[in-house]
Structure formats: structure tokens, C-alpha cells
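Read the structure below first, then the notes.
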Amino acid sequence: MGGEEVVVRRGGRAASLQALVAHCTEYGFVFPSSEIYGGFAGVYDYGPMGAPLKRNVKEYWWRAMVQLHANIVGLDSAILMHPKVWEASGHTAHFFDWFVENRKNRKRYRVDQVVEAWVDRLRAEGREGEARRVWEAFEEALRSGRSEELTAFFRAYRVEDPEEGAPGDWGAVRRLNLMFVTWAGATDEDRQEVYLRPETAQGIYVNYLHVQRSARLRVPFGIAQVGKAFRNELIFRQFLMRMREFEQMEMQFFVAPEESEEWFDRWIDRRLRWYLALGFDRSRLRVQPHKHLAHYAQKAVDIEYRFPMGWKEVEGIHLRTDYDLRRHQEFSRKKLTYFDPFKQEHYLPHIVETSAGVDRVFLAILSEFLVWEQLDEGSGGGERVVFRCPRWLAPVQVAVFPLVRRDGLPEVARRIFDALSLHFVCAYEEKDSIGRRYRRHDAIGTPYAVTVDYQTLEDETVTLRDRDTLRQERIAIPDLIVRLKELLDWSELLRRVRES
RNA sequence: GCGGGAGUAGCUCAGGGGUUAGAGCGCCUCCUUGCCAAGGAGGAGGUCGCGGGUUCGAUUCCCGUCUCCCGCUCCA
């Protein structure tokens, strides 16, 4: 990538986005979807290394949320839901954009932006009355929900193109729906439009009383869910950052209204700690308040990570108030209030939402921990690619190698593989030189390598190599499992998440 | 969506209107090899993104299309 600055991180050169994408394909982390047919924008497949890494990211999240909190429980709700859900949530009304094209310069704009720009300009010129009339007419057209009305407005009012400063030659106003639509019902008569969920949250809201009653929970409590969501975005850029099909890790925390702000702040801290516990550098994480609040939110922040292409959101934390429950209560005409046994009153809990993108976290982990490191002479010199993946999340945890491929070493190594693979995700390799095998596993992030050498035949010990330090310790075969369990145990990671 | 760049082997890329399209790395087989991408021999792998056009002949030129990258834009 021309002119990109070289970022040094963790004793090595950080990957550019391009290098990162290449590494992902080469080592089987991520492939573009349907590539033999020319690819399918905004969709990616996770390969032999990516699939386990992604699973481990979700596993870590689940443990940090559900396992670590007595008052947070899990849920796995369906992707398809009753269409009314999306009316109640506001998605049917808000989750689309109106676009208009100026045929003169072939530029496409979002209608609200064009009109806003023009009204601002009228105001700046002191034409307040005109500005107000335009805005009112626009709002009326918008309320109609019909593209014909909006098209007529653009033409009748000779709306100015913000870039040309002159009325545009406006084409028909078109609606771009950001939700995926499909049909339920096998015959034409039974057909009913249904949506692929654009967020997983609604599955939690509509189930919240079932969950609360069956798990006998009291406010404050949380419901956690990991699952796919779908959005028909306009453009896809930056690899895994914006996808048509993506996965979310969402936790909805139900609290008493007067405690909502306090919990909102508390969850920002906790969620930030989740990243820091993995070893993310604090300087590449930040909490950004939202400039524009969504229709449901009273307060909102993003946790952003500094990717090779700049600061990008990995997780959103929102104070959604009782908006969603109130709407569902209204649309379903079912009572959704919670009875608080301490206060002896019924109310709609307020909700603090933490919503992280699995794919974005995955990309952040690769960005943060994949480096090209210069080795000193003692380690053979030259450069190595090393994915300093947090060891609990590594796609392969232990690699087992015979030093050479003869003299009975492979047999011993294979026996060790058999024993270890009952406990850990292991790889066994005997081809190529030992150095090459180490490097191959450095590149996919395998934290530990066990090597069987000639001394093993004499005293039943092997070497245990650490990916990051390159150091080897001599260890008796019977002690291997205990030692590795100690090293790979999740409790250390989870303790870091919990500690304040 | 606009502007710019690019699609050639698994990866990174070179090439170029005219026989069998190349390199490095990787991959496979054999030999060699006592700890950090060693060496030798042999081998597999490409309808040059896809469709159409121009031409005696197109991977090369033209048009369209898809995908990727950069900038803008967009982003519940």
C-alpha cells in the first residue's frame, strides 16, 4: 500500500489492511464468499483457522457475560420473527433511506441531506420564511411514505443540488430498504413477507418475560445472545467491517428506570475491560459518545479500535430506556411490565444494551496481534510472521513435532498427540525442518509447540516452546497435560475481566 | 453511488497483438537434514476474473459486467 506508515507494535511491524487480508486467505482464516463465481460483495467465509478463532471469540464473550454473572442468562432466538416485531421496533419505518439522483451530474444523494443542506443555505441567506415552507412540504411528503410524493416535492420546489448550488434535474426518489426480505408460506396464496433480522436485540425483548419467569430473575438482570443479523448496506468496504451477513454478541440488561444511567456507565467499564483482558493496548481503544442518537437511545457510546484503516466501532453500548418494551406492549397489546417484589410495583424495566460485532472483534484481534517481527541472530535472524493471538483464543493450542522423521521419534510424538488431543486442540506435523514447522505455527498463532527429540528416547522428556519468547522448557511427558492446562486455563483471563 | 487504481499459478507479482505464459515463495515425491522458513533431484498446478466486440490471430486493444483496494460518501 503506497505511503502507508509503518506501525510498530508488540516488537514487530503491524499489518496493513492489505497484508492482513492476504494473510487471512493464505493461512485459511477468511475467504471471500463464492469466489469461483467472481465473489459476492459483503459476505465472507471463515476457513479452517478463522472458524475456530471466531468460535473462541464468542466463547470468551459468553463466558465473560453468562458464566461470570449469576444474573445474566443466555438465549438463542430465531432469525425469522413475526413481521409486527419490526413495525414495533421502528425498523419498518426507519430502516431504509430515500435516495434521489440528479440526472445532470449523475450524483446520488440521501434526500434528507439534500433538503437539509438547501434549507440551511436559505436560512443563511436570511430567507427564513421560504426555508420553513420548504421544510414543511418536505416533512409532509416524507410522512406520506410514498416515493411519488417525494419526487413531486423535489420537482415542484426546484430543490438545489448541494454541490452545484442550483436546482437539480431530479430523477424519481427511490427507497433503499436496508432489511432483507424473504417469503414465508409455500404457496403463492400463503405468502407473507418476512425479514431477516437486522439486529438480534428484538429476539431478546419479545422473550424477556419468558426468560425472567423461567429463570426466576429479578431486576437487574441480563439476557445474552450471539447470532447472525443481516443488513442490505449500500456499500461494503474494509473487509469484515461492513457485511451483509454478520454476527452480533448482544447483552440486554434490564434495570429499574432510576438506576439506568449508573448501569450504563458500569457496562462501559466492564465491556472495555473485556478487550483489555485479552491484551489489547489501551492506546488503540477508545470510548466515543454518539453524535446522533438513534430513535430508541437516550445515551450511546461506541467502543472503537484503531484498525489499520483508522478508528472504527467494534461495539456499541446504548441506553435504550423502555422504548422497545413499550413499543412491543403497544403493538402486541400484551402487558409486558415486570413486577418488582421489593418495590411492590409494576413497571417496564429500562434497558442497557451492549452490542459487539463478532466479525469486527475478530478483525481487531488480527490487527492487534499479527506482526512481522525482526529476529536477532541468536534466533536465526531474518523476519518471522507471528500471530500473537491471546492463547485462549488460538485456533490451534498445541503443535506436536518429532524433531526428525526417523529413529522412532514420530511414533513417540504421535502418542503424545493422541494423549494431548483429548484435552486441547492439537496439530501434528512431521514434514519439513523443525524451524519451518515452528514458523508455520507462528503464523497461525499456535501458542505452544511440543518437540520430541533424541533425549526423549532416553528420559521421557520433551521441549515445550513458547511462541512469543521462543524459549523452550524441558518437561517430563507425564507433566505435559497439567502444565498446558495451567497455561491455557480460562480462569486467568476471566479473572482479569472481573477485576475492577 | 462518485473519482482513482487493480484482477495473470495456492500466495506475492513480472510480462506482453503471434510457437508449449514466467519468477520467487508455497505444495507433492524421493534423498539429505540433531531445534527456529537449510540443501539436492524430480513433479503437480493457469481456458491470464467473467461476457461480448475488433482482428487472420486477443491473456494483451475496445466495450460491458463482477470483485477487490484507496479517497469521498454512507453507516441503528
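Letters go in sequence order (proteins before strands), and every chain restarts at 1.
- Distance A/L178 CG to B/C74 P: 14 Å, rounded to the nearest Å.
- For B/U65 and B/U12, the C1' atoms lie 27 Å apart once the distance is rounded to whole Å.
- A salt bridge does not link A/R437 with A/D432: none of the charged nitrogens is closer than 4.0 Å to a carboxylate oxygen.
- Taking only distance into account, the side chain of A/Q472 meets the base of B/C35 through a donor-acceptor pair shorter than 3.5 Å.
- Across the P atoms, B/A23 and B/G40 are found 16 Å apart, a figure rounded to whole Å.
- Here A/F239 and A/F362 keep their ring centres 6.0 angstrom or further from each other.
- A/R436 has a side-chain polar atom (N or O) that falls below the 4.0 Å cut-off from OP1 or OP2 of B/G26.
- For B/C36, its base never sits under 3.5 Å from the side chain of A/R384 at any donor and acceptor pair.
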A correct dot-bracket answer for RNA chain B, with pairs being Watson-Crick or G-U at under 3.5 Å, [ ] for crossing pairs and | for inter-strand pairs, is (((((((..((((....[...)))).(((((.......))))).....(((((..]....))))))))))))....
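- Between B/A58 and B/G52, the distance separating the two C1' atoms is 13 Å to the nearest Å.
- Not less than 6.0 angstrom separates the ring centroid of A/W311 from the ring centroid of A/Y305.
- Scanning atom types as modelled, one donor and one acceptor separated by under 3.5 angstrom connect the side chain of A/R465 and the base of B/C36.
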